[in-house]
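Everything below concerns the one structure shown next.
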Amino acid sequence: MKVTFYKPMHPVLKDYIEGYYFIEKDDHQKPVKYLTFPDNYFIVSACQDVSVTQDKGWVEITRSSSENIVVDFVFRCSVPTEIFYRQSVNEVTVYFKPLGIYHFFNADKSEDLEQEILLSDFTDIMSAVLKESDRRIQIEILENYCLSKFRPRDLHLAYTLLNDFETEMNIEEIAKKNKITRQYVNKVSQRYLAKPASEFRKIQRFRNVLISNKKSRNLTELSYEHLFYDQSHLIKDFKELTRISPGKFFEHVDTEKNNVWLFI
């Protein structure tokens with residue numbers, strides 16, 4: 001399966017969008033199955049001429065005989081998810097950074113975003129992108145659309161908490177620093193990040209380990225550098241979020257790639 005990942009070209013978009021990847025249809029390609037793992041991005045995908053079946057932890061994509069554009073929005077990926085492409089398809093996926101999506105769609109909480117996306121002209125734009133064969137023009141259409149929708153928003157407290165979640169402070173300390181209650185920290189986290197603070201931090205620690213992992217470093221170093229209590233804590237979270245131990249994970253998954261997938 002040919003998957004190509006791109007970082008945003010326009011400097012305004014770089015602060016809010018991690019990037020986007022394109023999957024290209026290939027009639028000679030065999031079925032593909034892989035595991036994708038929890039993250040804190042807000043992910044919006046558009047597939048051309050497909051039928052999609054899904055349940056918690058499982059998605060199956062099959063080519064459809066009728067023309068369509070299927071838009072899928074993932075904002076709380078908290079378990080390993082098995083993705084099965086029975087045939088290859090044309091697809092474009094946008095990864096919004098935490099809080100980034102709120103600068104492009106007019107929603108005030110995570111649970112309203114999906115309806116806002118579906119009621120917007122996003123599907124029409126994705127249709128235009130997927131019908132275009134020139135990758136340069138595809139990216140240009142996508143970025144021009146995002147720029148046309150962009151608007152600054154006052155999310156000061158949410159961004160402050162987002163930054164605090166990356167520190168060694170516990171939730172009580174974060175609440176005290178911001179002169180709010182622990183319950184309010186979780187309320188803001190749930191509202192804008194789609195998950196409680198503790199769950200967001202667990203997934204963020206896991207993702208930070210993936211970014212920084214080098215073969216020459218050991219699990220003990222990774223544990224203490226990324227706010228795990230110890231190596232046992234890292235192993236426990238890895239098994240919960242990936243179904244396998246960190247040793248086997250790093251052996252079979254190429255963490256140098258933007259798309260951290262385990263093909264099965």
H103 (side chain) donor-acceptor with R151 (main chain) under 3.5 angstrom: yes
Sidechain N-carboxylate O distance under 4.0 Å for E18, K7: yes
Charged N-O contact under 4.0 Å between E24 and R135: yes
Same cluster (ILVMFWY, side-chain, under 4.5 Å), Y184 and I171: yes
CD on E111 to CD on Q190, rounded to 0.5 Å: 8.5 Å
S189 vs L161, side-chain contact (heavy atoms from CB on, under 4.5 Å): CA-CA, chis, key distance, verdict: CA-CA 8 Å; S189 182; L161 294 179; over 6 Å; no
Parallel, tilted or perpendicular, as decided by the 30° and 60° cut-offs, for the rings of F104 and F150: tilted
Non-hydrogen atoms of L130 and A46 that approach each other most closely: CD1-O, 3.7 Å
Set of salt bridge (charged side-chain N to carboxylate O under 4.0 Å, His left out) partners for K195, sequence neighbours left out: none
Same cluster (ILVMFWY, side-chain, under 4.5 Å), W58 and L241: no
Lys/Arg-Asp/Glu bridge criterion (N-O < 4.0 Å) met for R201, D237: no
Derivation and outcome, side-chain contact (heavy atoms from CB on, under 4.5 Å), residues Q54 and V52: CA-CA 7 Å; Q54 57 187 314; V52 178; 4.1 Å; yes
Common cluster, Y159/Y192, ILVMFWY with side-chain heavy-atom separation under 4.5 Å: yes
Contacts of type salt bridge (charged side-chain N to carboxylate O under 4.0 Å, His left out), residue E173, not counting sequence neighbours: none
From CA spacing to verdict: side-chain contact (heavy atoms from CB on, under 4.5 Å), S110, F42: CA-CA 9 Å; S110 58; F42 285 62; 4.2 Å; yes
Residues K177 and D164 bridged, charged N to O under 4.0 Å: yes
Taking every non-hydrogen atom, the tightest pair across C146 and I17: SG-CD1, 4.0 Å
Working for side chain to side chain donor-acceptor pair (under 3.5 Å), residues Q204 and D39: CA-CA 7 Å; Q204 198 65 15; D39 61 42; over 6 Å; no
Any donor-acceptor N/O pair, S148 side chain to Y145 backbone, under 3.5 Å: yes
Ring centers of F238, F206 separated by less than 6.0 Å: yes
With V44, the side chain to side chain contact (heavy atoms under 4.5 Å, CB included) member among T93, I101, L113, V92: I101
Heavy atoms from other residues, nucleotides or ligands near CZ of F37 exceed 12 (cutoff 6.0 Å): yes
side-chain contact (heavy atoms from CB on, under 4.5 Å) between L162 and L99, intermediate numbers included: CA-CA 9 Å; L162 183 63; L99 301 179; 3.8 Å; yes
is_close_aromatic(Y34, F84), centroid dist under 6.0 Å: no
Side-chain heavy-atom pair P246, I235 within 4.5 angstrom cut-off: yes
Short side-chain to backbone donor-acceptor contact, N68 and V50, under 3.5 Å: yes
Neighbour count >12 (heavy atoms, 6.0 Å) for atom CE, M169: yes
Electrostatic pair E140-R136, nearest N-O below 4.0 angstrom: yes
Side chain R207, main chain P38, donor-acceptor under 3.5 Å: yes
Min side-chain heavy-atom separation K2-T4 under 4.5 Å: yes
From L13 atom CG to L147 atom CG, the distance as rounded to the nearest 0.5 Å: 4.5 Å
Trace of the salt bridge (charged side-chain N to carboxylate O under 4.0 Å, His left out) decision for K202 with E240: CA-CA 10 Å; K202 176 192 292 186; E240 180 179 337; 3.0 Å; yes
Output field: ring centroids F200/F165 closer than 6.0 Å: yes
Shared hydrophobic cluster, M126 / L119 (ILVMFWY, side-chain heavy atoms < 4.5 Å): no
D154 CG: over 12 foreign heavy atoms closer than 6.0 Å: no
Output field: ring centroids W261/Y21 closer than 6.0 Å: yes
Run the side-chain donor-acceptor check on residues 69-82: report pairs under 3.5 Å with partners two or more places apart or on a different chain.
from, atom 1, to, atom 2, distance (Å)
R76, NE, E199, OE2, 3.3
R76, NH2, E199, OE1, 2.4
R76, NH2, E199, OE2, 3.4
T81, OG1, V79, O, 3.2

Salt-bridge criterion met for R63 and D49 (N-O under 4.0 Å): no
D112 bridged to R191 by N-O distance under 4.0 Å: no
Centroid-centroid under 6.0 Å between F96 and Y102 rings: no
Least distance between heavy atoms, Q87 atom then T62 atom: OE1-CG2, 3.4 Å
Within one Ile-Leu-Val-Met-Phe-Trp-Tyr cluster: L142 and I137, side-chain cutoff 4.5 Å: yes
